[in-house]
Number of protein chains: 2
Amino acid sequence: MNFHPHDMEQLAQRFKILGEPARLQILATICDQERSVQDICHRTGLHQANASKHLRMMKDAGVVACRKKGVWRYYRIVAPEVLSLCLRAQKSLKQAETPLVRDNSQMEAVE
Amino acid sequence: MNFHPHDMEQLAQRFKILGEPARLQILATICDQERSVQDICHRTGLHQANASKHLRMMKDAGVVACRKKGVWRYYRIVAPEVLSLCLRAQKSLKQAETPLVRDNSQMEAVE
DNA sequence: ATACTATATAACTACTTAATAATATAATCA
DNA sequence: TGATTATATTATTAAGTAGTTATATAGTAT
């Protein structure tokens with residue numbers, strides 16, 4: 001792992017997007033299909049203005065995009081790797097939670 | 001992608017850790033070997049108190065652990081998946097930056 | 001014991017940002 | 001046209017947090 005400063009910033013920026021439960025919720029609702037802001041709000045419980053802001057942020061970051069149809073804006077994910085990142089991170093968290101084999105080699109980690 | 005609220009929180013928490021350049025820098029310096037706080041500070045340019053705080057946070061989150069030897073504390077990564085997450089995210093960011101084939105199907109993303 | 005060094009912690013400041021409320025814009029419909 | 005609806009934007013407030021300074025703690029060395 002040997003990143004240039006700029007890459008490091010960019011990487012952190014990408015992780016920062018995923019570091020917010022509200023945005024993960026939004027991504028979860030549009031992971032398999034595009035949805036209107038209303039739809040997203042109903043499913044996540046987020047207020048419209050709040051959801052709109054998160055969506056704007058993720059759009060600027062190139063994570064989602066939207067299609068305009070009449071009054072509606074349908075958002076979808078355009079950076080599918082964020083989904084695999086979530087699944088991967090989730091999996092490792094679960095494994096850490098209930099390890100099949102207790103690893104004593106790092107017991108002092110707890111101190 | 002269908003997470004329980006608690007899992008979502010936990011997932012966001014994990015990403016939040018990686019969403020900070022200073023912490024990515026720290027992780028980069030200890031990705032292949034344990035290092036003392038001094039060493040980390042010198043390599044990253046972070047102030048001692050600041051590095052200490054970031055390390056404390058990552059220790060509480062189970063991402064790093066430390067070994068005490070005299071006055072020194074040697075920190076190491078104990079959640080190696082964060083490294084693969086970084087590499088994976090970095091890779092996809094690079095790909096998005098310079099796509100081999102321009103994908104016009106999502107041009108309206110830019111609006 | 002005293003001085004020095006490594007690390008942690010606490011207090012503080014400054015900055016960021018999430019959530020909310022209010023308003024603006026624009027499309028639809030009666 | 002006026003009313004309604006969907007979304008975006010702006011302003012505001014509150015909470016979180018990164019960085020810094022100062023101090024505490026605990027090893028080490030003289």
Side-chain angles (χ1 to χ4, degrees), chain A residues 5 8-30 34-61 63-76 108-111, chain B residues 5 8-30 34-61 63-76 108-111:
Chain A
M8 199 85 90
E9 287 282 348
Q10 202 181 16
L11 193 58
Q13 165 63 16
R14 173 57 53 101
F15 281 129
K16 201 168 280 181
I17 290 170
L18 302 178
E20 179 59 41
R23 285 191 287 271
L24 289 183
Q25 278 182 272
I26 291 175
L27 291 175
T29 67
I30 59 174
E34 61 174 17
R35 291 192 191 279
S36 70
V37 178
Q38 278 303 312
D39 195 355
I40 293 170
C41 288
H42 291 145
R43 289 168 187 272
T44 59
L46 294 173
H47 284 206
Q48 183 267 321
N50 197 18
S52 211
K53 211 170 55 171
H54 285 303
L55 286 164
R56 168 75 193 273
M57 179 202 178
M58 291 195 281
K59 194 174 102 179
D60 289 345
V63 172
V64 305
C66 74
R67 180 173 67 89
K68 209 169 160 181
K69 168 113 184 187
V71 203
W72 293 275
R73 303 243 171 145
Y74 294 96
Y75 283 87
R76 67 180 182 281
E108 82 271 22
V110 190
E111 285 208 335
Chain B
M8 199 85 90
E9 287 281 347
Q10 203 182 15
L11 192 58
Q13 164 63 17
R14 173 57 54 101
F15 282 128
K16 200 167 281 183
I17 290 169
L18 302 178
E20 179 59 41
R23 284 191 287 272
L24 288 183
Q25 278 182 272
I26 291 176
L27 290 175
T29 66
I30 59 173
E34 62 174 18
R35 290 193 192 279
S36 70
V37 178
Q38 278 302 313
D39 196 355
I40 293 169
C41 288
H42 291 146
R43 287 168 188 273
T44 60
L46 295 172
H47 283 205
Q48 182 267 320
N50 196 18
S52 214
K53 212 169 56 171
H54 285 303
L55 286 164
R56 168 73 194 274
M57 179 202 180
M58 291 196 279
K59 194 174 103 179
D60 290 345
V63 172
V64 305
C66 73
R67 180 173 67 88
K68 210 169 161 181
K69 168 116 184 184
V71 202
W72 292 274
R73 303 244 170 143
Y74 294 96
Y75 283 86
R76 67 180 182 283
E108 82 270 22
V110 189
E111 286 206 332

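Lettering of chains follows the sequences in order, A, B, ..., and the numbering in each one begins at 1. These figures come from a predicted structure and were not determined experimentally.
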Quiz item: What is the minimum heavy-atom distance between Pro21(A) and Met8(B), and which atoms define it?
Solution: O-CG, 4.2 Å
Practice problem: Determine: side-chain N/O of Arg73(B) to OP1/OP2 of dA6(C), distance under 4.0 Å, yes or no. | Solution: no
Exercise. Would you indicate what Tyr75(A) reaches in the nucleic acid, counting non-hydrogen atoms under 4.0 angstrom: base, sugar-phosphate, or nothing?
Key: sugar-phosphate
Practice problem: Return the nearest nucleotide to the side chain of Ser36(A); candidates are dT28(D), dT21(D), dT7(D). | Solution: dT7(D)
Quiz item: In whole angstrom, what separates His42(A)'s NE2 from dT5(D)'s P?
Solution: 12 Å
Exercise. Using whole Å, report how far CD of Glu9(B) lies from P of dG16(D).
Key: 12 Å
Self-check item: Separation of atom CG in Asp39(A) from atom C1' in dT7(D), rounded to whole Å
Solution: 14 Å
Quiz item: Below 4.0 angstrom from OP1 or OP2 of dT9(D), is there any side-chain N or O of Arg56(A)?
Solution: yes
Practice problem: Could you work out which one of dA6(D), dT9(D), dT9(C) sits closest to the side chain of Ala49(A)? | Solution: dT9(D)
Quiz item: What is the distance from CG of Leu55(A) to P of dA18(C), rounded to the nearest Å?
Solution: 13 Å
Quiz prompt | Backbone N/O of Ile17(B) and side chain of Arg23(B): donor-acceptor pair under 3.5 Å | solution = yes
Self-check item: Rounded interatomic separation in angstrom, taking CD from Glu20(A) and P from dA15(D)
Solution: 15 Å
Quiz prompt | Whole-Å distance separating the OH atom of Tyr74(B) from the P atom of dA8(C) | solution = 13 Å
Exercise. Between dT20(C), dT7(D), dG19(D), spot the one nearest the side chain of Lys53(B), thanks.
Key: dG19(D)
Quiz item: His54(B) side chain: which of dA18(D), dA18(C), dA8(D) is closest?
Solution: dA18(D)
Quiz item: Do you know which two heavy atoms are closest between Arg35(A) and Thr29(A), and how far apart they sit?
Solution: NE-O, 2.6 Å
Quiz item: Any side-chain N or O of His47(A) under 4.0 Å from OP1/OP2 of dA19(C)?
Solution: no
Self-check item: Residue pair Leu27(A) / Val64(A), side-chain heavy-atom distance below 4.5 Å
Solution: yes
Quiz item: If you check the Trp72(B) side chain, which of dT5(D), dT7(C), dA19(C) turns out closest?
Solution: dT7(C)
Quiz item: Can you find a side chain N or O atom of Gln38(B) that sits less than 4.0 Å from OP1 or OP2 on dT5(C)?
Solution: no
Quiz item: Nearest of dA18(D), dT20(C), dT21(D) to any side-chain atom of Asn50(B)?
Solution: dA18(D)
Quiz prompt | Proximal nucleotide (of dA19(C), dG19(D), dT28(D)) relative to the Ala22(A) side chain | solution = dA19(C)
Quiz item: Counting side-chain heavy atoms from CB outward, which of dA18(D), dA19(C), dT28(D) is closest to Arg23(B)?
Solution: dA18(D)
Quiz item: Would you say the base of dA6(D) and the side-chain of Gln48(A) have a donor-acceptor pair closer than 3.5 Å?
Solution: no
Quiz item: Should Arg14(B) and Val63(B) count as side-chain neighbours, where that means a heavy-atom distance under 4.5 Å?
Solution: yes
Quiz item: What's the CG-P distance between Leu46(A) and dA8(D), to the nearest Å?
Solution: 14 Å
Quiz item: Rounding to a whole Å, what distance do you find between Ile17(A):CD1 and dA18(C):C1'?
Solution: 15 Å
Quiz prompt | Matching residue for Glu34(A) among Lys69(A), Arg76(A), Arg67(A), Arg73(A) - test: side-chain hydrogen bond (donor to acceptor under 3.5 Å, both in side chains) | solution = Arg67(A)
